[in-house]
Amino acid sequence: MGWKLRDDTQELCCSLDYLLDSVQALKASIRTGRRLDGEGGRKVNSKELWCQELSCPTPNASLDVKDVKAALRRMKDTKGLLSSLLESIDVAIQNVTNSTIKDVHGAGLSLLPDDLLACIFEMYVNMYEIPDYEEHVSFDYPALIISSICRRFRQIALGLPDVWKHVALFFPKKILALHKERCQNPVVHIKPASELCDTYSEMLHEVQPFSQWRGLEMHVSNGDHARLYFECMGRAIFQTPFHSLEYLSISNELEEDPDDVEEQSYPIYLFRLGEPDYLTSWQMPKLARLHLRNVHPKRPLLCENVTQFHFEISRDEVRREEPLSLTAFRRLLGSMPKMQSLSVIFDAHTSFESSSRTEKTSSTLTSLTSLNLKVAICTSQVTVSQFMDLIETHRLTSLNLAFEGDEEEEQESKIICRGWIDALFPGTARSYANVERFGLEFERLRGSNHLFGDIFESLPNVKDVSLVLPHHAITYIQGDWIFKGAFEHLRSLRIDVTQEIDSECPLDGGHSNLDALFEDPYCKQIVHLEVHNRLSYSLARWKANLQGLLGERLEWVDYERHGT
């Protein structure tokens with residue numbers, strides 16, 4: 001940074017003197033009660049600060065042109081000097097920040113009370129994701145990182161069981177022993193390692209007894225891989241059930257064994273015909289959350305207290321000739337009579353067996369109030385309809401739908417999506433009268449002109465709506481729907497506008513296909529509108545239009561754009 005306005009040191013000193021005199025004049029003016037912002041009606045006179053000599057004794061007196069030019073030059077030189085000073089301050093701030101940031105952060109943490117530090121440590125541990133075996137290079141688990149920083153952190157961490165609750169079978173035996181000593185109710189993680197499966201199954205004996213586990217996340221490569229762990233645990237679990245288990249997640253990757261010369265396709269049923277089904281024999285009286293991915297038990301589970309259930313069928317490896325058993329799925333749901341929240345993902349070329357459509361459907365999900373359903377283009381209308389026949393939709397208060405299409409098969413995606421909507425909203429055949437919270441997401445799907453009408457006319461009492469739509473979606477809201485009663489109780493709306501292709505497709509001249517909602521008198525009932533613009537270009541005109549209609553009720557979030 002250069003300090004000289006020109007190469008004249010004397011002139012620079014004169015500018016500094018002039019600046020100091022003006023600052024002294026400002027100080028004296030403030031002491032008399034004047035303010036720079038003019039609050040209270042007494043504002044500092046800037047002309048008196050910077051060019052008092054130009055103040056005329058009488059209104060009609062003329063000023064000397066040379067004096068005016070000299071005053072203007074002096075003020076411009078001083079402004080340049082101030083800019084240099086501001087730049088110098090910015091550089092100093094950055095230098096001091098860079099050189100002291102670690103000390104400042106350390107000092108700030110040292111001032112926090114132990115209970116607040118404990119909360120921070122537990123949040124840090126909960127954010128950590130146990131790596132896969134193949135990704136694990138060095139042991140860097142958060143509990144050890146925290147306890148190695150300083151003596152105080154170590155003392156706090158050693159007294160917090162939840163900091164040590166996550167254990168994985170690839171941990172060294174000494175570390176497993178440390179976790180075992182510090183946490184009586186661990187969350188155990190089993191991840192794919194088929195080539196080391198026998199070795200790691202032995203490590204199950206290095207953690208707390210099964211009856212003390214509070215959580216189990218089992219991530220296996222295929223059914224053969226899973227059975228080795230089930231067999232190892234099964235013998236002990238028959239004697240000591242999962243008395244403490246609150247969370248169970250089993251994810252089956254359906255990967256084929258590279259050493260399998262027969263190249264068999266692994267099914268979503270972990271246990272073959274005639275084999276003992278260990279999973280359905282587990283006693284889990286405290287289980288509250290259950291997550292199954294590519295795992296379809298043929299018999300009900302012993303988990304009558306589950307309140308949250310996530311069921312997912314995904315990956316193209318699920319064989320087309322292997323249909324899901326609707327009878328088994330109905331019984332599985334029936335084993336969880338206290339279920340309040342159900343999340344289902346169908347993302348595979350599979351369906352329920354056709355014979356199940358003729359079976360009488362009876363639902364035992366009398367406590368279910370929240371449903372999340374995601375379907376991909378490979379999911380048929382029949383599958384969605386069969387599943388929805390198991391749900392008493394009139395009990396739902398929260399409904400979230402996600403539809404995934406294929407940009408390369410746009411016309412086919414539109415037809416399939418039309419089928420999904422017909423299966424979900426077949427007129428008066430299903431009632432959604434109690435749904436107050438609704439979410440809809442389109443991924444690689446444009447939708448159709450009348451799709452919104454069929455959906456929202458079936459949700460007469462919806463209050464909170466969340467929409468995730470691609471920028472080129474064909475989704476209209478028409479005024480006549482609103483006139484007929486759609487959105488009558490709408491209070492809050494969140495819109496996420498996403499971009500799935502590189503080409504720009506701005507919303508129509510500052511407007512959108514949803515603008516019927518924001519016109520009088522309908523917009524008066526909206527308490528809060530939240531728009532998240534995730535596009536690579538600005539929607540300034542649409543934002544200005546909504547700002548004029550809604551004022552402070554609009555919350556607009558622009559995300560960082562690529563290339564800007």
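Side chains are part of it too, since the values below use all heavy atoms of this structure and drop only hydrogens, waters and symmetry mates. For clarity, every value in this text was computed on a predicted model and none was experimentally measured.
The shortest side-chain heavy-atom distance between Pro297 and Leu292 falls under the 4.5 Å cut-off. Using a 4.5 Å cut-off on side-chain heavy atoms (C-beta onward), Asn461 and Val435 make no contact. By the 4.5 Å heavy-atom criterion applied to side chains, Arg331 and Arg299 are not counted as neighbours. In this structure the side chain of Leu401 never reaches within 4.5 angstrom of the side chain of Trp420, judged on heavy atoms. When side chains are defined from C-beta on, Trp556 counts as touching Leu546, because their heavy atoms get closer than 4.5 Å. At least one side-chain heavy atom of Ile250 sits under 4.5 Å from a side-chain heavy atom of Leu279. Proximity of Glu217 to Tyr247: side-chain heavy atoms (C-beta onward) are separated by under 4.5 Å at one or more points. With a 4.5 Å cut-off on side-chain heavy atoms, Thr383 and Met388 do not count as touching.
Within the 3.5 Å criterion, the main-chain N or O of Lys180 finds a donor-acceptor partner in the side chain of Gln208. For Asn294 (side chain) and Ser314 (main-chain N/O), a donor-acceptor pair under 3.5 Å exists by modelled atom type.
Two rings, from Tyr432 and His394, have their centers 6.0 Å or more apart. Proximity of the aromatic rings of Phe311 and His296 is defined here by a centroid distance below 6.0 angstrom, and this criterion is met.
In this structure, His310 and Ile345 approach most closely via the heavy-atom pair CE1-CD1, 3.8 Å. Nearest heavy atoms, Met336 versus Leu365: O-CD2, 3.9 Å. Contact detail for Lys298 and Ala328: the closest heavy-atom pair is O-CB, 3.6 Å. When all heavy atoms of Trp164 and Ala157 are compared, the pair lying nearest together is NE1-O, 2.8 Å. Across all their heavy atoms, Tyr124 and Ile145 have their closest contact at OH-CD1, 4.0 Å. Between Leu399 and Leu396, the shortest heavy-atom contact is CD1-CD1, 4.5 Å.
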Check the pair His532, Glu530 against side-chain hydrogen bond (donor to acceptor under 3.5 Å, both in side chains), reporting the backbone distance first and the verdict last.
CA-CA 7 Å; His532 291 247; Glu530 188 174 340; 2.6 Å; yes
Apply side-chain contact (heavy atoms from CB on, under 4.5 Å) to the pair Arg491 and His528, showing each step before the final yes or no.
CA-CA 7 Å; Arg491 294 297 177 267; His528 182 70; over 6 Å; no
Under the side-chain contact (heavy atoms from CB on, under 4.5 Å) criterion, do Ile415 and Glu412 qualify, and how do the steps go?
CA-CA 5 Å; Ile415 295 173; Glu412 181 183 359; 5.7 Å; no
Step by step, work out the side-chain contact (heavy atoms from CB on, under 4.5 Å) result for Leu390 and Phe329.
CA-CA 9 Å; Leu390 303 176; Phe329 189 66; 3.6 Å; yes
Check the pair Gln547, Leu554 against side-chain contact (heavy atoms from CB on, under 4.5 Å), reporting the backbone distance first and the verdict last.
CA-CA 6 Å; Gln547 190 75 57; Leu554 173 66; 3.7 Å; yes
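Between the CD atom in Gln212 and the OG atom in Ser244 there is a gap of 7.0 Å [rounded to 0.5 Å]. Atom CZ in Arg395 sits 11.0 Å away from atom OG1 in Thr369 (nearest 0.5 Å). Annotation: the span from His189 atom NE2 to Ser249 atom OG amounts to 9.5 Å, rounded to 0.5 Å. Of the inter-residue distances, the one linking Asp347 atom CG with Arg293 atom CZ reads 9.0 Å to the nearest 0.5 angstrom. If you take CG on Asn305 and CE on Met284, they are separated by 11.0 Å, rounding to the nearest 0.5 Å. We find the CG-CD1 distance between Leu445 and Ile377 to be 8.0 Å, quoted to the nearest 0.5 Å.
Within a 6.0 Å radius of NZ in Lys463, other residues, nucleotides and ligands contribute 12 heavy atoms or fewer.
Judged by distance alone, the side chains of Asp464 and Ser492 do bring a donor and an acceptor atom under 3.5 Å apart.
Between Phe346 and Phe387, the angle of the ring planes goes over 60°, which puts this pair in the perpendicular group of the 30/60° scheme. Note: Trp282 and Phe242 have perpendicular aromatic rings, judged against thresholds of 30 and 60 degrees for the angle between ring planes. His179 and Phe171 have tilted rings, their planes meeting at an angle from 30° to 60° on a 0 to 90° scale.
The side-chain contact (heavy atoms from CB on, under 4.5 Å) with Arg534 is formed by just one residue from the set Asp496, Val557, Val497; it is Asp496. When each of Leu424, Asp422, Ile416, Asp389 is paired with Val384, the side-chain contact (heavy atoms from CB on, under 4.5 Å) condition holds for Leu424 and for no other.
With sequence neighbours excluded, no residue forms a side chain to side chain donor-acceptor pair (under 3.5 Å) with Arg289.
A salt bridge links Arg214 with Asp162: the closest approach of a Lys/Arg side-chain nitrogen to an acidic carboxylate oxygen falls below 4.0 angstrom.
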